[in-house]
Protein chains: 2
Amino acid sequence: MIENPSASSVGLRRDMEILELLAGHGGGRDVDGLGVSWIAQRLGREKSQVSRALRSLESEGMVERDPVTRRYRLGWRLFALAARTSQSRLVQVAAPFLRRLAMIIDEDSHLCVLRGDSVLTVLSVPSSRAYHRIWEGVAIPVIMAAASRSLLSDWDDDQMRAILRAKLPGGLSAELGDEKQWLADAAHVREHGYTTTDVELEDGVLGVSAPVRDHRGMVAAAISVSVARVRDEARLHEMGRLVGETARQLSIALGLPPGSSFDYPVTSGP
Amino acid sequence: MIENPSASSVGLRRDMEILELLAGHGGGRDVDGLGVSWIAQRLGREKSQVSRALRSLESEGMVERDPVTRRYRLGWRLFALAARTSQSRLVQVAAPFLRRLAMIIDEDSHLCVLRGDSVLTVLSVPSSRAYHRIWEGVAIPVIMAAASRSLLSDWDDDQMRAILRAKLPGGLSAELGDEKQWLADAAHVREHGYTTTDVELEDGVLGVSAPVRDHRGMVAAAISVSVARVRDEARLHEMGRLVGETARQLSIALGLPPGSSFDYPVTSGP
DNA sequence: GAAATCGTTGCACTGGGTGCAACTAGTTTT
DNA sequence: AAAACTAGTTGCACCCAGTGCAACGATTTC
């Protein structure tokens, strides 16, 4: 058999597929929870296998079963474990900062981290306006996230080029912006402490992001704000300065020594 | 232990033991993360077994490895799974708690969440008495909801003041109570685990509410009960204690580590 | 009440996990 | 610098746990 270098055991893979399915369908509006047969069919596995796997997962508290509908959903144990991840601490420290930021500029604010070749949003604070999609827990490819510019900002140019080329499957490269723009954006982050992404992610929305550093000065996360397209260039960069300043304060709250070489002043500039 | 009737598969049990160990020692001790041999010894298992299990877990993102120290800690996948479902799970898990509460005190009980600058009621359990308005799916402004006191209870005073001022359009401020009362109510929540709102929302009705925390300890929702105005102050606070205790138990059911700093005892007091 | 759906269980088979030991790699000791 | 020690990975033979099929009980549907 051809070995996957990062191979996972069959049992674990099956369990993870089940958990992922339960998580994915958690946002469903209809009835909540999934039945054994539905999961089995969706996964292309034996009913019996899924039934037994779920019972095991239940006995460990990873899933729980509704006593009446007999449907499964994710369990308390998973949430308890999640609370102990490194992301969890980050979120708790960052929450007040993002709330304040969202209140001031009244736009959706997100906290994103880099995981592998995806950008994971770990905290979303919606603006006061209407309903916006919650991105928490959702991972999107590096090249499609506005926050990537900040997350990758202190990578070598070569490494950045490498990940961009690897992750741009042909045709997409044109519409998603070229390397030069990425490198320029990263440079802007290094100089000014934030960057704006003029690539359209959604209609009429700009991305403003800034890097958050941990105690060692390494980029640990990024604050990303979706800004409704504005004509006023100056106002956009004023927002950028605000995002950058918030990221700087959050970095210090996370243990970045104030005044260190990484704790540079945030300046507003094109 | 002799024999668990609802037995878990061998592989899963081993994986869970590992994850639990990582969770227990990941919470900021000396150095972050655990090594293979240490885990193996602690679990009384073969090194090789632990080594392979951890590699599988890593490939699924359940754990992640520090590239330099080669130590493992809990991974982003746990966080991502939990974040995506905590919302929808809330209602399912909360339902029995609210039903029980409504049965004991025989008043309308509601579960409310904060969305943007509105308070959304996601679950309503009516009392046995006659007709009461159903609030499910209804969003009302923060300043007009009794549950807000609990939902905002661990915000900074500054942030709370900010949202109050921003959302009080002039003339309304007078009749809806002043900032001091809000801050006092929030403080009461932090100290006693619940609060009562003596501002009249409807005729002769008081609002009793308590914060529900998610696995991270953040306020995720609030239980809010409309109590027919009672003369007896002591009875009101006894109800408050009951609401607070229900919210506490619900929090734990949602994954809040029992005994954590957020899991404070609920006390009845003015 | 027949039929369909959903979930669980019994059982023979086999493939993946297990434990031992050898191995590499890094660090400290002599 | 060789030896000794620690940390982690890998090869391999054995064998038990997981697999798939099918039958079964429990509900729901028509």
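Note on naming: letters A, B, ... go to the chains in the order of the sequence lines (proteins, then strands), and numbering restarts at 1 for each one. If you're wondering where the values come from, they're calculated on a predicted model, not measured in any experiment.
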Notebook entry, point to check: Got a second to check how far Leu19(B)'s CG is from Arg84(A)'s CZ, nearest 0.5 Å?
Noted result: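 These two atoms lie 12.5 Å from each other.
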
Could you check how far [atom1] of [X] sits from [atom2] of [N], rounded to whole Å?
X        : N       : atom1 : atom2 : result
Gln49(A) : dA17(D) : CD    : P     : 17 Å
Ile39(B) : dA7(D)  : CD1   : P     : 13 Å
Leu54(B) : dA7(D)  : CG    : C1'   : 13 Å
Arg70(B) : dT24(C) : CZ    : C1'   : 11 Å
Asp15(B) : dA17(D) : CG    : P     : 16 Å
Leu12(B) : dG16(C) : CG    : P     : 18 Å
Leu43(A) : dT19(D) : CG    : P     : 12 Å
Tyr72(A) : dC6(C)  : OH    : P     : 15 Å

When you measure from the side chain of [X], which nucleotide among [options] comes out closest?
X        : options                   : result
Arg52(B) : dT9(D), dG10(C), dT10(D)  : dT10(D)
Val36(A) : dG19(C), dG7(C), dG18(D)  : dG7(C)
Glu46(B) : dG19(C), dA17(D), dG17(C) : dG19(C)

Under 4.0 Å from OP1 or OP2 of [N]: is there any side-chain N or O of [X] that close?
X        : N       : value
Arg65(A) : dT8(C)  : yes
Arg14(B) : dT18(C) : yes
Ser51(B) : dT9(D)  : yes
Ser9(B)  : dG18(D) : yes
Ser37(B) : dG8(D)  : yes
Arg71(B) : dG8(D)  : no

Check: Do the non-hydrogen side-chain atoms of Leu183(A) and Arg161(A) ever get within less than 4.5 Å of each other?
Finding: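 Contact flag for Leu183(A)/Arg161(A) side chains = yes.
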
Margin query: Taking the side chain as everything from C-beta on, heavy atoms only, tell me whether Arg89(B) gets closer than 4.5 Å to Leu254(B).
Written below: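 With C-beta onward as the side chain, the pair touches.
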
Next item on the list: Decide, yes or no, whether a salt bridge links Glu64(B) with Arg77(B) under the criterion of side-chain N to carboxylate O below 4.0 Å.
Entry: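 Salt bridge flag = no for Arg77(B) with Glu64(B).
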
Notebook entry, point to check: Backbone N or O of Trp76(B) within a donor-acceptor pair of the Arg115(A) side chain at under 3.5 Å?
Noted result: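 Side chain of Arg115(A) to backbone of Trp76(B), a donor-acceptor pair under 3.5 Å: no, none is there.
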
Checklist line | Position toward the 5' end of DNA chain C (nearest nucleotide), Thr69(A) or Gly11(A) | finding: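 That would be Thr69(A).
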
Notebook entry, point to check: Ignoring hydrogens and angles, are the base of dG18(D) and the side chain of Arg55(A) linked by a donor-acceptor pair under 3.5 Å?
Noted result: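 There is none.
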
